[in-house]
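Within every chain, numbering begins at 1; the chains are lettered A, B, ... in the order of the sequence lines, protein sequences first and strands thereafter.
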Number of protein chains: 2
Amino acid sequence: MTIVEIARMCGVSVQTVSRVINQRPDVSPETRAAVEAAIERVGFQPSAVARSLVQRRSYTLGVIAAGLRYFGVAQTLNGITAESEASGYALLLKEIASSGQVDIMPEIALLMAHRVEGIIFAAPDLGADLAEVRARLPRASPPIVFLKSDPSAAFSTILIDNHAGAREATRHLLSLGCRRIGHLAGPLTWHEARDRHSGWLDTLREAGQTPGPVQVGDWTSASGASAFEAMLLADPEMDGVFAANDQMALGVLSVANRRGIAVPNELALVGFDGIEEGAQFTPSLTTVRQPLRELGRLAVRELIETAEPGPDGAPVRALTLAPELVIRESAPAARADDAP
Amino acid sequence: MTIVEIARMCGVSVQTVSRVINQRPDVSPETRAAVEAAIERVGFQPSAVARSLVQRRSYTLGVIAAGLRYFGVAQTLNGITAESEASGYALLLKEIASSGQVDIMPEIALLMAHRVEGIIFAAPDLGADLAEVRARLPRASPPIVFLKSDPSAAFSTILIDNHAGAREATRHLLSLGCRRIGHLAGPLTWHEARDRHSGWLDTLREAGQTPGPVQVGDWTSASGASAFEAMLLADPEMDGVFAANDQMALGVLSVANRRGIAVPNELALVGFDGIEEGAQFTPSLTTVRQPLRELGRLAVRELIETAEPGPDGAPVRALTLAPELVIRESAPAARADDAP
DNA sequence: TTGAAAGCGCTAACAT
DNA sequence: ATGTTAGCGCTTTCAA
């Protein structure tokens, strides 16, 4: 079923059918009605493929994601789908392994073959890798937005200010009177993990406090539990922990509850991410909420503005979104024993 | 940059370039090398759009998903991306609202416009809606696999045996000596929620036990907490709870811990899903793990077998996957006070 | 082993 | 308001 058949059925030219399909004004109401009726009757769907070919526009965006099973990525993807839906763009999704030196050139090539008009790179920034990716990009590649990645002169980036979020978390622990604040970090190959770590460290240094123990986890709650055990061994005096994500913070709570360490009175705890379940942890989790849906949304907007440049053209931008401290029981506004 | 330019550069016909691109054998080694070199040099990417048009094959699958931010859907999508990647298919993703009487015809139409070769419907089965969807489907629609939905004669379905999983969970609670087992259900508009509820109910009836209180949540841990409060009010004697997902089970734990209800000794608890974090809950969560990645994988395989029919053609199938009980502390193999 | 011609389903540009 | 022509970038005949 093609446009030609519809034209034949209605006794008009293909062009007229095309005009009806594209809602052009220059068609008489009767003709339009007849064509629309025919289209409806046979259930005709104009081919986006043919249209893409002739218009050299696909109205499609590509997404390269890693770790869909993680809250953060899934949440970002949710923002991406919402915004692209609203803007009338289709989405081509590629998931890559979330660890290891994966070569993403094949993924980029595939998206380019499909003539996507922009690419959102929502995989973790493993530093050197990404610099190389950027260098090796084909010259004709469509605009790419790198999420949660270092700004660059050549590409748009949108990131969440992990350093500031970590500072807020750590300052909150300090304000609670913690004297020995440890950090449960994510894998330090990750950009986010490094920034959260340095935010913690900088804040303690500025406050003139000796940093507590540091352990590295792999973002899972299981790793959080074992890392926290190691931190306790390293410094039994520890009275505060800033965990680089909520899952690992859950691991801390698990061990603390098991050992009878009272949270927040003996040990205050702040996580990072803002997963919904944190409100139901025992005790509920103070955390730093990331605007992840917003991140996804902005990424799409950025690409579409490049594809459909407005008056100011298509700038390479570096946006930064601010996370927000969410105070709950694991590190309350004031300690219970400080209360009157 | 097109195939024509490459041909011109190499002094051969477009056909020869096409042959090289498609790895056809009938090209002399020298010609092939020259063409490949030219392609490499200019970074040429053959257009999948043009190829789709002429071949009438897109090598693309469509996914309609809802609730990407939920563990289950994200996990399924992970299986879908893995398998389609392995099979050389691209993925067009559409997310729809996870509640309300959404009309998905526009989504189907969009995917059809892009000439996808199959559609995976990974949104919740809200009963009547889906029956209607099936009835109103355009005749020329590509094969559709419905996930977690009632079997039908016209469409392939893959589902997880929620009823059996719920029975296993409930039987486990019975084996622990629970006499008053409540159920924290999901929204009963969901197929899964209904099956889990009926699995619980049937098991108790067969065992000759009076069913405990039932409350309906919305899958979130916050709703689980308030629903559990209501259940406690309804029946203070309750000594076992089967929750329809792990998040809501977390809500139960939260309330139990706060009120000093000892889990599992005073109240045994089983969840559903198998989220990773369950192992770090306090206490760790006994649950029914769903093979969600496998679900996604099979959906893709099913569609590809239809698109590329083997010797037996393209059957409409109804597959059922079995979930698996994972025993942890919240409902252990034997109660602590039963131990020697 | 290679090439020429035709056409996939649609829209842009120019007719009328 | 409608039709004609050309062509998007590729593959599929068929011919050499």
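For Thr16(B) and dT1(C), the shortest distance from a side-chain N or O to OP1 or OP2 is not below 4.0 Å. Taking only side-chain nitrogens and oxygens, Thr31(A) comes nearer than 4.0 Å to OP1 or OP2 of dT2(D). Remark: Arg57(A) is not in phosphate contact with dA12(C), judged by side-chain N or O atoms under 4.0 Å from OP1 or OP2. Residue Ser28(B) places at least one side-chain N or O closer than 4.0 Å to OP1 or OP2 of dT2(C). For dG9(D), one of the phosphate oxygens OP1 or OP2 lies less than 4.0 angstrom from a side-chain nitrogen or oxygen of Arg56(A).
In this structure, Arg24(B) reaches the sugar-phosphate backbone alone: every heavy-atom distance under 4.0 Å involves primed, P, OP1 or OP2 atoms, never a base. Counting any heavy atom pair closer than 4.0 Å across all strands shown, Val49(A) reaches no nucleic acid atom.
Summary of the strand contacts: Pro25(B) and Arg51(A) both lie near DNA chain C, and taking for each the nucleotide with the nearest heavy atom, the more 5' one is attributed to Pro25(B). Between Arg19(B) and Gln55(A), it is Arg19(B) whose nearest contact on DNA chain C lies nearer the 5' terminus.
Between Glu308(B) and Arg57(B) there is a salt bridge, since a side-chain N of the basic residue sits under 4.0 Å from a carboxylate O of the acidic one. A salt bridge links Arg317(B) to Glu305(B): at least one charged side-chain nitrogen sits closer than 4.0 Å to a carboxylate oxygen. Using a cut-off of 4.0 Å between Lys/Arg side-chain N and Asp/Glu carboxylate O, Arg297(A) and Glu302(A) are scored as not salt-bridged.
In this structure, Met1(A) atom CE and dC8(C) atom P are separated by 15 Å, rounded to whole Å. Between the C1' atom of dG9(C) and the CG atom of Leu53(A) lies a distance of 9 Å, rounded to the nearest Å. Atom CD of Gln15(B) is separated from atom P of dC10(D) by 12 Å (rounded to the nearest Å). In this structure, the CG atom of Asn22(A) is 16 Å from the P atom of dT2(D), given to the nearest Å. The OH-C1' distance, from Tyr59(A) to dC10(C), rounds to 14 Å in whole Å. Distance Gln23(B) CD to dT11(D) C1': 15 Å, rounded to the nearest Å. We find that CD of Glu5(A) is positioned 16 Å from P of dG7(C), with the value rounded to whole Å. The distance between atom CD1 of Ile21(A) and atom P of dC10(C), rounded to the nearest whole Å, is 6 Å.
Nearest to the side chain of Val27(A), among dT2(D), dG9(D), dC10(C), sits dT2(D). Here dC10(C) is the nucleotide among dC10(D), dA1(D), dC10(C) with the atom lying nearest to any side-chain atom of Ile3(A). Which of dG9(D), dT13(D), dA1(D) sits closest to the side chain of Asp26(A) comes down to dA1(D). You'll find that the side chain of Ser13(A) is closest to dT4(D), out of dT4(D), dA1(D), dT11(D). Among the nucleotides dT11(C), dT13(D), dC10(D), the one closest to any side-chain atom of Pro46(B) is dC10(D).
For Thr31(B) and Ser28(B), the side-chain atoms include at least one donor-acceptor pair closer than 3.5 Å.
Side-chain atoms of Asp161(A) do not come within 3.5 Å of backbone N or O of Leu159(A) as any donor-acceptor pair.
The CD1 atom of Ile304(B) sits 5.0 Å away from the OH atom of Tyr89(B) when rounded to the nearest 0.5 Å.
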